[in-house]
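Working notes, structure below.
Here the structure is a predicted model, which means the values were calculated and not measured. We're numbering straight along the sequence, starting at 1.
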Amino acid sequence: MEAQGLTELLRNITGSFAWLIPELVISGGILFILLAGLFNSQKQYIFNALTALTAALSLAFVIAGGMTLDVSLFDNMMRRDGMGDFLIILVDIGVILTCLMSIHGKPQRNASEYYAFILTIALGSHLLVMSTSLVMIFLSLEVISISSYILVGYSFNRVGSEGSLKYFLFGSIASAVTIYGFSILYGLSGTVDITSKPFFDALVDQHSPLLFIGGLMGLAGFLFKLAAVPMQPWAPDVYEAAPMPVVAYLSVAPKVAALGVLAKFILAMHLFGRGVFDWQLIVSVIAILSITVGNLSALWQKNAKRMMAYSSIAHSGFLLVGIAAFLPQGFQFMMFYAAVYLVMNFSVFTFLAHFEERGISSMPSFAGIGKKEIFASVGITIALVALTGLPPTAGFTAKLLIFSGLWESYIEHDKSLLLWLLIIGLFNTVISLFFYMRIPYYAFIKAGTSNLIEKRGGLPNFLGLILVVVIVVLFFIPGMLMGLINRINFAL
């Protein structure tokens, strides 16, 4: 019997690899780029193309799967499902956009390692959104984290080194807290599989405060990747220190991946509404704090990248609203918001990279730039309007959907905190106008004599144009994306 059980287990493991073709493609791409770097590590355009090609192949294989799968892998350590595949697609698109942003920037030192780390973060993100085991979740988080710490320092200057060190120290604390929380949950349940019946049966009648403490500590790693309160202090320094393509990538890929696994973790802790502790309340409070802290802090920023860091914190709160709704449509609207957020953020950072190359990074330095850089100024204005959540952009549609889901949840659950979350979210959308519109104000209204560094910038502007067009098109035809999302069934 033992031999038969072992044979069945090995068959399950080997059969699982057939469902991991996208991840195997990325792993092969990492190895190939590193091996190629041994011969010549400075041919940036070659490594750039290889990285984009690897992400495109991974993307193609995921799409070919149809995003309707629900397959348990490696004895239920991971699961391939529709929601995970959708978020994986966003990560792969983020890799391709990062490669496009990196083409026009200054040549990277140790280029092969730079692109290998980008793919490693993508691999960790793939594994994270598929993880259902606490062990696999933690390992995936660490794969993302270690690569991120290194990429932040790729400016190879004092500010970059300082930002990388702060990121590493804060991340190490978050990891320690997370693994301790996971160990408590394992001790209480006797299993690391958060989707299993033994996990539910062991915790459903558990009244120990340790369950609440373990769950909160386990949240630390997810909130760290999301840059959500209270695990957000690293974000401003990291955003300011890292190269612009890295900032754009880290603002989206780890956040999207953490969002997928956080949804599973919160539903598991919620125990189908039969748990002693109210995790909907906890997520709602975190969302309120993230939205408010992010927006209020952004009001005082003079550096564009630091402003976008606090913007990222606020948008983490808006993304958490989809989870706080605890409804299927809430998760669907969250996925729509995540896709639109990816496009909006990359659009803003593409134009900020264009301006940074011309010596413009602080808010006052944008004064009068609208007359000299009309195309880029109009483009970044539209992208910032989208981040604010105003029409005619997809940012408006995304916030409308996310708040609609929250209102439906309030009607169904009749919890006053959900109504407060809705009111505070709407109020903070108004507050965000005052910092998102500062760049357009300086560019088009404030007089100034900016000394531009003359550089050719056709590619960033063209990439920014494409992203801005997508933002506007998704406002008028949101069904293009929602139709795809509606095909996805989310279940723990």
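Judged by distance alone, the side chain of K264 and the main-chain N or O of V129 form a donor-acceptor pair under 3.5 Å. Between the side chain of S164 and the main chain of G160, no donor-acceptor pair closer than 3.5 Å is present. Looking only at distances, no side-chain donor or acceptor of S131 sits under 3.5 Å from a matching main-chain atom of S133. Looking only at distances, no side-chain donor or acceptor of T388 sits under 3.5 Å from a matching main-chain atom of L433. Using modelled atom types, no side-chain atom of N428 and backbone atom of I431 make a donor-acceptor pair closer than 3.5 Å. Between the side chain of T292 and the backbone N or O of L289, no donor-acceptor pair lies under 3.5 Å. A donor-acceptor contact shorter than 3.5 Å is absent between the side chain of S311 and the backbone of M307. Side-chain N or O atoms of R80 include one that pairs as donor or acceptor with a backbone N or O of W19 at under 3.5 Å. No donor-acceptor pair closer than 3.5 Å links the side chain of S189 to the backbone N or O of F199. With hydrogens and angles disregarded, no donor-acceptor distance shorter than 3.5 Å links the side chain of Q301 to the backbone of N303.
Side-chain atoms of S432 and N295 form no donor-acceptor pair, as typed in the model, at a separation below 3.5 Å. Side-chain atoms of Y167 and S145 form no donor-acceptor pair, as typed in the model, at a separation below 3.5 Å.
By the 4.5 Å heavy-atom criterion applied to side chains, M308 and S251 are not counted as neighbours. Side-chain contact check for S409 versus Q280: some heavy-atom pair is nearer than 4.5 Å. Counting only heavy atoms from C-beta outward, the side chains of E23 and M130 approach each other to under 4.5 Å. Side-chain contact between S125 and V256: absent, with no pair of heavy atoms (C-beta onward) separated by less than 4.5 Å. When side chains are defined from C-beta on, V91 does not count as touching V252, because their heavy atoms never get closer than 4.5 Å. Looking at T429 and F403, their side chains come closer than 4.5 Å, going by heavy atoms from C-beta outward. When side chains are defined from C-beta on, L185 counts as touching F265, because their heavy atoms get closer than 4.5 Å. S148 is listed as a side-chain neighbour of I121, based on a closest heavy-atom distance under 4.5 Å.
Annotation: the span from T178 atom OG1 to E142 atom CD amounts to 8.5 Å, rounded to 0.5 Å. The CD1 atom of I471 sits 7.0 Å away from atom CE of M344, with the distance rounded to the nearest 0.5 Å.
Between F170 and F224, the two ring planes are parallel [angle under 30°; tilted spans 30° to 60°]. Below 30°, between 30° and 60°, or above 60°: for F117 and Y154 the angle between ring planes is above 60°, a perpendicular geometry. Between F318 and Y337, the ring-plane angle classifies as parallel under the 30° and 60° cut-offs. Between W234 and Y239, the ring planes lie tilted relative to each other; the angle falls in the 30° to 60° range.
The two residues D193 and T132 have their closest heavy-atom pair at OD1-O, 3.4 Å. A pairwise comparison of heavy atoms in M334 and L319 identifies CG-O, 3.6 Å as the closest pair. Annotation for T393 and A386: closest pair OG1-CA, 3.2 Å, computed over non-hydrogen atoms. Between L421 and A287 the shortest heavy-atom distance is CD1-CB, 4.0 Å. A pairwise comparison of heavy atoms in P233 and P236 identifies O-CD, 3.4 Å as the closest pair. Nearest approach of L119 to I26, heavy atoms of both residues: O-CG2, 3.5 Å.
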Evaluate T191 against Y186 for side chain to side chain donor-acceptor pair (under 3.5 Å), listing each step before the verdict. CA-CA 5 Å; T191 177; Y186 172 69; over 6 Å; no
Please evaluate residues F47 and Y115 with respect to the criterion ring pair (Phe, Tyr, Trp, His ring centres under 6.0 Å), reporting the C-alpha separation (whole Å), side-chain torsions for both, the decisive distance (0.1 Å), and the verdict. CA-CA 7 Å; F47 301 121; Y115 289 102; 7.1 Å; no
Test log, rule side chain to side chain donor-acceptor pair (under 3.5 Å), inputs S316 and K255: CA-CA 8 Å; S316 293; K255 192 185 295 286; 2.6 Å; yes
What verdict does the side chain to side chain donor-acceptor pair (under 3.5 Å) test give for S290 and Q232, after you've listed the backbone C-alpha separation in whole Å, the side-chain angles of each residue and the deciding distance to 0.1 Å? CA-CA 9 Å; S290 298; Q232 89 292 354; over 6 Å; no
Using the salt bridge (Lys or Arg N to Asp or Glu O under 4.0 Å) rule, take E240 and K305 through it: C-alpha gap first, then chi angles, then the decisive distance, then the call. CA-CA 5 Å; E240 187 176 16; K305 289 169 78 175; over 6 Å; no
Show your working on side chain to side chain donor-acceptor pair (under 3.5 Å) between Y114 and S102 and close with a plain yes or no. CA-CA 10 Å; Y114 172 81; S102 300; 3.1 Å; yes
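Ring centroid separation for the pair F326 and H413 does not come in under the 6.0 Å cut-off. Less than 6.0 angstrom separates the ring centroid of F17 from the ring centroid of F74.
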Name the atoms and distances for all side-chain donor-acceptor pairs under 3.5 Å in residues 54-67, with sequence neighbours left out.
from, atom 1, to, atom 2, distance (Å)
T54, OG1, L50, O, 2.8
S58, OG, D92, OD2, 2.9

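When the salt bridge (Lys or Arg N to Asp or Glu O under 4.0 Å) test is applied to E408, no partner is found at least two apart in sequence or on another chain.
Within a 6.0 Å sphere centred on CZ of F32, heavy atoms belonging to other residues, nucleotides or ligands number 12 at most. The environment of F277 atom CZ is dense: over 12 non-hydrogen atoms of other residues, nucleotides or ligands sit within 6.0 angstrom.
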